Undergrad: 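Here's a structure for you.
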Amino acid sequence: MSAMKFCRECNNILYPKEDRDQKILLFACRNCEHQEVADNNCVYRNEIHHPVGERTQVLQDVAADPTLPRTKSVRCAECGHGEAVFFQATARGEEGMTLFFVCCNPSCGHRWRD
């Protein structure tokens with residue numbers, strides 16, 4: 001799959017378009033009437049590469065997630081803040097679930113496991 005396709009007539013970008021009657025994928029120009037049949041039905045692919053030894057990654061802004069539960073019964077070892085979000089996940093290389101905490105102090109974001 002190429003990154004982008006461009007119109008042969010006016011050099012504008014071609015966008016994916018479905019032809020429902022013929023049941024094929026086209027690339028069409030939004031500036032002129034040019035269309036061409038797609039040579040591949042894949043219009044977008046997101047490849048994620050992780051290092052081999054990477055452990056469970058927790059993003060710092062998870063503390064701002066309103067869907068995660070919060071607790072005031074723990075204290076951050078880094079900054080002493082008394083509120084953290086928590087969630088369960090499987091840690092790489094371990095069986096069962098692990099309880100993760102993330103400090104709610106926006107300038108800290110310290111992560112730890114129970």
Side-chain angles (χ1 to χ4, degrees):
M1 182 185 123
S2 64
M4 292 182 145
K5 291 186 173 277
F6 294 94
C7 178
R8 294 181 191 151
E9 306 295 323
C10 64
N11 291 327
N12 282 304
I13 193 166
L14 295 177
Y15 294 91
K17 179 182 176 184
E18 177 186 18
D19 183 339
R20 291 179 187 243
D21 296 332
Q22 296 181 28
K23 296 186 179 179
I24 59 173
L25 179 66
L26 302 170
F27 281 98
C29 180
R30 293 182 181 170
N31 189 47
C32 68
E33 298 298 317
H34 177 74
Q35 293 183 352
E36 57 187 65
V37 177
D39 54 346
N40 187 342
N41 287 335
C42 181
V43 293
Y44 178 77
R45 183 169 70 197
N46 186 15
E47 293 183 18
I48 301 172
H49 301 281
H50 294 286
V52 175
E54 181 180 278
R55 294 182 177 260
T56 301
Q57 183 179 4
V58 180
L59 302 176
Q60 271 191 318
D61 55 341
V62 76
D65 187 341
T67 64
L68 290 176
R70 296 173 179 269
T71 181
K72 293 186 178 183
S73 65
V74 296
R75 190 155 296 280
C76 176
E78 297 289 316
C79 72
H81 191 71
E83 185 180 18
V85 296
F86 63 95
F87 57 94
Q88 283 188 326
T90 56
R92 185 178 214 137
E94 295 181 15
E95 287 188 26
M97 300 294 278
T98 303
L99 188 59
F100 290 92
F101 291 93
V102 180
C103 179
C104 287
N105 181 352
S107 62
C108 178
H110 176 62
R111 307 178 291 268
W112 70 96
R113 324 192 299 181
D114 189 30

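All of these numbers come straight from a predicted model, not from anything done at the bench.
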Undergrad: Within a reach of under 6.0 Å around CD of E33, are more than 12 heavy atoms found that belong to other residues, nucleotides or ligands?
TA: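 Not buried by this count: 12 neighbours or fewer within 6.0 Å.
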Undergrad: Out of curiosity, R75 CZ to C103 SG, how far, rounded to the nearest 0.5 Å?
TA: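 One finds 10.0 Å between CZ of R75 and SG of C103.
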Undergrad: State, yes or no, whether a side-chain contact exists between Q35 and K17 at a heavy-atom distance under 4.5 Å.
TA: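 Of all side-chain heavy-atom pairs linking K17 with Q35, at least one is under 4.5 Å.
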Undergrad: What pair of heavy atoms forms the shortest contact from F27 to A38, and how long is it?
TA: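 Where F27 meets A38 most closely, the heavy atoms are CE1-CB, 3.4 Å.
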Undergrad: Any donor and acceptor pair, going by atom type alone, linking the side chain of R70 with main-chain N or O of C104 inside 3.5 Å?
TA: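 Pair absent, no side-chain N/O of R70 close to backbone of C104.
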Undergrad: With rounding to the nearest 0.5 Å, note down the distance linking CD in E9 to CG in N31.
TA: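 Rounded to the nearest 0.5 Å, the CD-CG separation comes out at 11.0 Å.
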Undergrad: Between L14 and E36, is any pair of side-chain heavy atoms under 4.5 Å apart?
TA: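 Yes, close enough: below the 4.5 Å cut-off.
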Undergrad: To the nearest 0.5 Å, how far apart are CG in D19 and CG in L26?
TA: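 Rounded to the nearest 0.5 Å, the CG-CG separation comes to 5.0 Å.
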Undergrad: Determine, step by step, whether L99 and F87 satisfy the side chain to side chain contact (heavy atoms under 4.5 Å, CB included) criterion, reporting the C-alpha distance in whole Å, the side-chain angles of both residues, the deciding distance to 0.1 Å, and the verdict.
TA: CA-CA 6 Å; L99 188 59; F87 57 94; over 6 Å; no
Undergrad: Would you say that Y15 contacts R30 through its side chain, given a criterion of any heavy-atom pair below 4.5 Å between the two side chains?
TA: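 A side-chain contact exists here, since the closest heavy-atom pair is under 4.5 Å.
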Undergrad: Less than 4.5 Å apart, side chain to side chain, heavy atoms only: is that true for D39 and K5?
TA: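 Result yes, sub-4.5 Å side-chain heavy-atom pair found.
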Undergrad: Please give me the minimum heavy-atom distance between C76 and C79, naming the atom from each residue.
TA: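 Distance-wise, the nearest heavy atoms are SG-N, 3.5 Å.
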Undergrad: Within the structure provided, determine whether F100 and V62 are in side-chain contact (heavy-atom separation under 4.5 Å).
TA: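 The answer is no; the side chains never approach within 4.5 Å.
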Undergrad: Side-chain contact, heavy-atom cut-off 4.5 Å: C32 with C7?
TA: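 Side-chain contact under 4.5 Å: yes.
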Undergrad: Once rounded to the nearest 0.5 Å, what's the spacing between atom CD1 of I13 and atom CZ of F6?
TA: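 Reported to 0.5 Å precision, the distance equals 5.5 Å.
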Undergrad: Just wondering, do V37 and L25 contact through their side chains at under 4.5 Å, heavy atoms?
TA: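 No, their side chains stay 4.5 Å or more apart.
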Undergrad: Distance under 6.0 Å and angle within 45° of the ring axis: does R113 meet both against F101?
TA: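 Output no; distance or angle outside limits.
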Undergrad: Are any non-hydrogen side-chain atoms of L68 and F86 less than 4.5 angstrom apart?
TA: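 They are not in side-chain contact.
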